[in-house]
Amino acid sequence: MEPRGEKSGEADGVRVTPQLLKARSGEFALESILLLKLQGLGLVDLGCLGECLGLEWLDLSGNALTQLGPLASLRQLAVLNVANNRLTGLEPLAACENLQSLNAAGNLLAGPRQLQCLAALPGLERLRLRDPSARLSNPLCASPSYWASVRELLPGLKVIDGERVSGRGSDFYQLCRDLDSSLRPGSSSGPRAVEAQPWVEPGYWESWPTRSSSILEEACRQFQDTLQECHDLDRQARDSLAQAEQALSPAHATSFVF
């Protein structure tokens with residue numbers, strides 16, 4: 001059975017410990033952990049998680065967390081899932097300067113003020129605060145101006161709640177929202193003149209540069225090493241078979257003269 005952290009009582013829940021992190025990641029040194037899945041463990045205290053300084057991908061969804069303090073030291077963190085917890089604020093994430101994707105659906109974020117800390121993150125492109133398929137949301141999502149407020153506060157976002165708001169595909173989502181608005185009761189039924197807009201932004205057809213990721217690079221390196229070992233074993237097997245066939249061939253049998 002895997003360690004599930006420390007418990008000081010049922011009401012206190014589970015606390016992250018070095019033993020838990022090593023068991024879940026398979027790494028001996030906390031600084032070496034790049035990817036970590038801690039979803040659905042009943043966590044209430046992140047404990048020593050802040051010591052995983054090399055962490056790039058983290059899933060904390062489905063726990064009972066109320067604060068994210070230890071995450072402030074994770075400067076390499078790029079992808080974070082804290083959905084379905086009890087968070088009322090995200091302030092520690094302001095220090096996660098490499099954060100690119102955040103899922104905070106299913107928490108207790110009351111208004112745009114709780115998102116102000118994310119404005120300092122230049123690389124944040126994806127934000128999810130509600131997930132209809134999983135029936136997860138936040139109180140701030142009930143506001144009619146929710147979408148506009150988030151876009152105004154975080155203009156660098158490309159995807160909000162799974163829908164593109166800028167970049168590739170954003171025009172399609174905007175078209176769908178316009179169609180939904182036009183079909184609502186009470187909307188204007190007359191035709192409206194719409195200024196022609198390009199379907200794609202400049203540079204759409206240009207290839208995107210690949211993003212470096214230590215996790216991906218390490219996986220590719222291990223795959224190439226394994227593939228090379230397979231080639232070497234195959235060559236050795238072929239050489240052994242050829243030698244065996246040559247030794248057993250009648251043409252090479254030893255002749256004896258009596």
Side-chain angles (χ1 to χ4, degrees), residues 1-10 12-87 90 92-107 121 123-128 131 133-134 136 210-234 236:
M1 179 180 295
E2 293 183 345
R4 290 181 60 88
E6 294 180 349
K7 277 191 176 183
S8 57
E10 288 299 324
D12 296 331
V14 182
R15 181 175 185 270
V16 173
T17 64
Q19 293 76 17
L20 173 64
L21 296 177
K22 293 174 182 179
R24 301 291 295 190
S25 67
E27 296 285 351
F28 180 76
L30 300 186
E31 297 84 357
S32 301
I33 300 176
L34 301 179
L35 182 149
L36 196 55
K37 296 181 180 181
L38 299 175
Q39 73 274 24
L41 299 181
L43 297 176
V44 297
D45 188 342
L46 294 180
C48 61
L49 187 57
E51 298 179 23
C52 301
L53 300 180
L55 199 58
E56 296 182 359
W57 192 100
L58 176 61
D59 187 353
L60 292 170
S61 60
N63 288 291
L65 298 171
T66 58
Q67 59 89 22
L68 301 174
L71 300 190
S73 61
L74 304 183
R75 302 302 176 88
Q76 302 303 317
L77 189 62
V79 179
L80 174 62
N81 186 350
V82 291
N84 197 18
N85 278 279
R86 302 173 185 173
L87 300 172
L90 303 171
L93 301 185
C96 300
E97 54 193 24
N98 284 320
L99 192 62
Q100 301 173 13
S101 177
L102 172 62
N103 184 350
N107 282 282
L121 301 177
L124 186 62
E125 297 182 350
R126 296 174 177 268
L127 176 65
R128 182 179 288 277
D131 186 351
S133 63
L136 297 176
T210 57
R211 290 184 177 177
S212 61
S213 170
S214 57
I215 298 178
L216 181 58
E217 291 173 357
E218 178 63 15
C220 290
R221 186 189 65 78
Q222 294 182 8
F223 176 79
Q224 292 295 336
D225 292 344
T226 303
L227 187 60
Q228 184 60 46
E229 292 178 3
C230 291
H231 285 313
D232 294 340
L233 290 173
D234 180 71
Q236 294 175 10

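None of these values were measured; they are calculated from a predicted model.
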In Å and rounded to the nearest 0.5 Å, what is the SG to CD distance from C48 to Q19? 8.0 Å
What do the steps show when you test V14 against V44 for side chain to side chain contact (heavy atoms under 4.5 Å, CB included), and what is the final call? CA-CA 6 Å; V14 182; V44 297; 5.9 Å; no
Given the rule in the side chain to side chain contact (heavy atoms under 4.5 Å, CB included) test, do R75 and E97 qualify, once you have shown the distances and angles that lead to the verdict? CA-CA 6 Å; R75 302 302 176 88; E97 54 193 24; 4.1 Å; yes
Run the side chain to side chain contact (heavy atoms under 4.5 Å, CB included) check on L55 and L36 step by step: do they pass? CA-CA 8 Å; L55 199 58; L36 196 55; 3.8 Å; yes
Spatial distance of atom CG (L99) from atom CG (L74) [nearest 0.5 Å]: 10.0 Å
Output the distance between atom SG (C52) and atom CG (L30), rounded to the nearest 0.5 Å. 5.0 Å
Any side-chain heavy-atom pair from L80 and N103 closer than 4.5 angstrom? no
Side-chain contact, heavy-atom cut-off 4.5 Å: V82 with D59? no
Checking the side chain of E27 only, and the main-chain atoms of A29 only, is there a donor and an acceptor separated by less than 3.5 Å? no
Atom CG of L127 and atom OG of S101: how far apart are they, to the nearest 0.5 Å? 8.5 Å
Nearest heavy-atom neighbours spanning N85 and A64: OD1-N, 3.3 Å
Are any non-hydrogen side-chain atoms of L87 and L65 less than 4.5 angstrom apart? yes
Please report the interatomic distance OG1(T66) to CZ(R86), rounded to the nearest 0.5 Å. 8.5 Å
Heavy atoms of G47 and P70 approach each other most closely as O-CG, 3.9 Å
Using a 4.5 Å cut-off on heavy atoms from C-beta on, say whether the side chain of S73 contacts that of L53. yes
Quiz question: by atom type and distance under 3.5 Å, do the side chains of D232 and Q228 form a donor-acceptor pair? yes
Value for CG (N84) from CG (N63), rounded to nearest 0.5 Å, stands at 8.5 Å
Check whether any side-chain heavy atom of L58 lies under 4.5 Å from a side-chain heavy atom of V79, and answer yes or no. no
Could you pull out the closest heavy-atom pair between F28 and K22, with the gap in Å? O-CE, 2.9 Å
Measure the shortest side-chain to side-chain distance between L60 and N81 over non-hydrogen atoms and say whether it is less than 4.5 angstrom. no
Carefully, step by step, assess D131 and R128 under the rule side chain to side chain contact (heavy atoms under 4.5 Å, CB included). CA-CA 7 Å; D131 186 351; R128 182 179 288 277; 3.9 Å; yes
Minimum heavy-atom separation for R24 to L38, with atom names? CG-CD2, 3.7 Å
Does some side-chain heavy atom of L121 sit less than 4.5 Å from a side-chain heavy atom of N98? no
